[in-house]
Number of protein chains: 2
Amino acid sequence: MSTTGRRRPPTIHDVAREAGVSRGTVSRVLNGGHHVSPASADAVNAAIRKTGYVVNRHARSLITGRSDSVAFLLTEPQERFFEDPNFNVLLRGCTQALAAHDIPLLLVIAGTEAERRRISRYITAGHVDGVLLVSSHSGNPMAERLVKARIPVVACGKPLGQGARIAYVAADDRDGAREMVRHLAASGRRRIATVTGPPDTPGGVERLAGYRETLAEAGLPADERLVAEGDYSRAGGERAMAELLERAPDVDAVFVASDLMAQGALTALERAGRRVPEDVAVGGFDDSPAALGTRPPLTTIRQPWDRISTEMVRVLLGRIAGEDPSAVILPTELVRRDSA
Amino acid sequence: MSTTGRRRPPTIHDVAREAGVSRGTVSRVLNGGHHVSPASADAVNAAIRKTGYVVNRHARSLITGRSDSVAFLLTEPQERFFEDPNFNVLLRGCTQALAAHDIPLLLVIAGTEAERRRISRYITAGHVDGVLLVSSHSGNPMAERLVKARIPVVACGKPLGQGARIAYVAADDRDGAREMVRHLAASGRRRIATVTGPPDTPGGVERLAGYRETLAEAGLPADERLVAEGDYSRAGGERAMAELLERAPDVDAVFVASDLMAQGALTALERAGRRVPEDVAVGGFDDSPAALGTRPPLTTIRQPWDRISTEMVRVLLGRIAGEDPSAVILPTELVRRDSA
DNA sequence: CTGAAAGCGCTTACAG
DNA sequence: CTGAAAGCGCTTACAG
């Protein structure tokens with residue numbers, strides 16, 4: 001009569017009965033099969049197939065205290081992340097790396113302080129085993145809170161404030177910037193400007209430092225009129241480039257600290273009637289999908305996003321397993337296209 | 001001695017003791033406060049604050065059979081989704097709409113058949129209460145499986161195969177296409193081509209239908225050389241436009257069924273030395289962020305993504321609460337910029 | 001309105 | 001190797 005009704009899913013008890021063993025034995029098979037005779041294991045596996053049994057994770061989590069899932073946590077206004085293709089690449093990479101471990105990724109966006117509070121409670125309540133923290137800005141209160149609550153965390157990019165207590169994975173920002181500026185100088189440019197990231201972000205600080213060092217090495221004079229601050233947005237890049245053009249009309253190259261900002265810079269240059277790369281060479285940073293959408297295609301510094309996400313997941317899983325926080329710095333690579 | 005160790009989080013039992021009531025009463029306060037005296041409720045709330053109690057969701061889910069979370073499920077190769085900015089907008093909208101209900105979003109990508117199988121099991125195991133299904137192609141085996149397993153599902157875009165059994169939210173594709181083609185014709189274009197979406201997607205079918213209808217209404221002859229098939233990717237759009245240029249060199253306008261493909265079409269036109277909009281007017285579809293990154297900025301049809309995501313969440317929550325599947329069709333809007 | 005009690009589905013020492 | 005049993009933290013009829 002009730003075959004039409006929604007059948008209750010089979011439990012471990014049904015499997016045990018079917019296999020003719022105790023629930024304990026079924027559980028042992030489920031959890032690695034140690035201390036189980038081959039015959040019992042076979043019987044259990046057959047019973048699982050026959051009944052279509054799937055473990056109830058809530059019950060398991062209740063007793064193990066683990067959720068077997070991980071959060072991908074964004075702690076900035078969403079617009080930034082969704083505008084910037086880097087975000088996609090990172091999210092995709094982490095999703096994939098986690099999937100390989102059969103761990104689902106919980107996407108959590110905490111852009112406002114109210115949201116951050118709510119999410120803190122959510123995470124602290126044991127909903128996830130660890131957090132992949134994506135936030136370019138330092139002094140992030142979330143990181144502090146999470147670390148204090150003993151939640152395993154690994155950040156993308158070096159957290160400027162937190163000291164050594166938090167694990168992170170980052171590209172070698174400074175070295176990447178140096179390579180780009182060397183490339184610009186090698187093509188004979190002499191008035192090389194830069195559009196920086198925000199000064200409270202590792203990319204903002206390190207890429208600028210690399211720029212300055214390389215200028216000095218090349219014997220080019222430092223000129224503060226050649227430095228404009230951006231905010232990693234396309235609009236910010238456009239604004240900064242316009243500023244640069246006004247302050248230093250003789251600029252003949254610019255290193256822009258992100259591809260998205262470089263896209264904006266290109267717009268500003270076009271409006272000003274400057275040809276790229278003939279009049280002004282433009283170098284970006286990231287090698288994000290944004291670099292291909294521009295005209296001309298962007299010469300840029302590739303961040304190894306695949307490796308970054310893989311490493312973030314690896315380190316986080318290690319942290320969850322009890323390992324100490326570690327830092328991973330990955331090398332970048334110059335990608336030559338047409339803009340410089 | 002043990003204050004340094006990781007303190008076990010407070011349970012409902014601790015709260016009950018603190019408040020001087022039974023665990024049942026605490027639970028009642030937690031679940032709406034019905035059948036609880038104000039005095040007890042106050043005592044419980046005070047105890048919750050004092051102990052910092054947060055409900056253990058695993059225990060709750062075990063008994064209620066609900067997870068209080070929802071999956072955002074992508075069932076296509078990831079590249080497509082991450083390449084296409086529409087995806088971002090949708091994901092962001094759903095995340096926000098869900099956050100308003102305090103429901104976390106689980107991002108799940110099932111691009112390969114193996115992944116789909118794994119994810120099916122995952123979802124069927126009761127890990128989520130419902131699924132926001134994002135997949136442009138029809139005949140999606142996932143949808144079938146989920147519906148069969150009685151999982152509440154709402155699709156983005158009308159599922160071509162599934163009939164009336166699955167709820168969906170979509171923009172009015174046909175009407176949007178008609179408006180764009182009318183706009184093109186109104187500007188005096190006579191050789192209006194189209195780059196379509198895949199023929200097994202609702203957008204591929206409906207937007208092409210709208211194109212044909214409007215051409216007929218405008219008294220323009222149907223010419224199959226003016227129809228090229230795209231795949232919603234930038235590269236596909238570029239390819240299709242090149243094809244069009246070869247087959248019908250006198251083309252003076254093109255309606256491209258997605259902004260991303262339009263971006264590709266622009267590249268092909270530029271390579272062919274055609275000016276936009278002077279020689280060829282280009283109209284897109286979506287009003288995705290891709291439409292702003294082009295030169296010239298794209299005239300396009302806006303899909304009301306905010307409303308689409310809000311509605312998807314609303315319908316899904318309704319389904320979870322037991323409502324019947326419903327379909328929501330939202331109006332589009334012509335956005336005039338410089339490309340047409 | 002409220003407490004005592006059963007039970008959700010699982011894991012894990014504990015004995016054998 | 002394996003079963004019986006306790007217990008994870010919660011919710012929900014059931015009596016009062």
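Just so we're clear, the structure is a prediction, and the values are computed from it rather than from any experiment. Each chain gets a letter, A, B and so on, in the order the sequences are listed, and its residues count up from 1.
Taken to the nearest 0.5 Å, the CG atom of A/L107 stands 5.5 Å off from the CG atom of A/L74. From A/R57, atom CZ reaches atom CZ of A/R60 across 6.0 Å, with rounding to the nearest 0.5 Å. Atom CG of B/L91 is separated from atom CG of B/N86 by 12.5 Å, given to the nearest 0.5 angstrom. With rounding to the nearest 0.5 angstrom, the OG1 atom of A/T11 is 8.0 Å from the CZ atom of A/R23. How far CZ of B/R319 is from CG of B/D129: 13.0 Å, rounded to the nearest 0.5 Å. Note that CG of A/L106 and CD1 of A/I119 are 8.5 Å apart. Values are rounded to the nearest 0.5 Å.
Between B/H127 and A/H58, the ring planes lie tilted relative to each other; the angle falls in the 30° to 60° range.
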Reading nucleotides 11-16 of chain C from the 5' end, what letters show protein touch, with B for base, S for backbone sugar-phosphate only, - for no heavy atom under 4.0 Å? BBB---

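With rounding to whole Å, A/D14 atom CG is found 13 Å from C/dC10 atom C1'. Look at CG on B/N56: it is 6 Å from C1' on D/dG9, rounded to the nearest Å. For the pair A/R17 CZ and C/dG9 C1', the computed distance is 14 Å after rounding to whole Å. Put simply, NE2 on A/H13 is 11 Å from C1' on C/dG9, counting in whole angstrom units.
Between B/F72 and B/T95 there is no side-chain heavy-atom pair separated by less than 4.5 Å.
DNA chain D is contacted by both A/V21 and B/L62; A/V21 maps to the nucleotide lying nearer its 5′ end (nearest heavy atom per residue). Heavy-atom distances to DNA chain C give each of B/H35 and A/V54 a nearest nucleotide, and the one nearer the 5′ end belongs to B/H35.
We find that B/E144 and B/R116 are not joined by a salt bridge, their nearest charged nitrogen and carboxylate oxygen being 4.0 Å or further apart.
Heavy-atom distances under 4.0 Å link DNA chain D to no residue of residues 37-49 of chain B.
C/dG16 and C/dT12 have their C1' atoms separated by 16 Å, with the value rounded to a whole Å.
Each of A/L132, A/V134, A/L146 was evaluated against A/L73; a single residue qualifies, A/L146, per the side chain to side chain contact (heavy atoms under 4.5 Å, CB included) test.
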Could you write out DNA chain D as a dot-bracket string, with dots for unpaired bases, | for bases paired across to another strand, and Watson-Crick or G-U pairs counted at under 3.5 Å? |||.||||||||.|||

Give the C-alpha distance, both sets of side-chain angles, the deciding distance and a yes or no for side chain to side chain contact (heavy atoms under 4.5 Å, CB included) between A/V44 and A/V36. CA-CA 10 Å; A/V44 168; A/V36 177; over 6 Å; no

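In this structure, B/T11 does not reach the D/dG9 phosphate: none of its side-chain N or O atoms is under 4.0 Å from OP1 or OP2.
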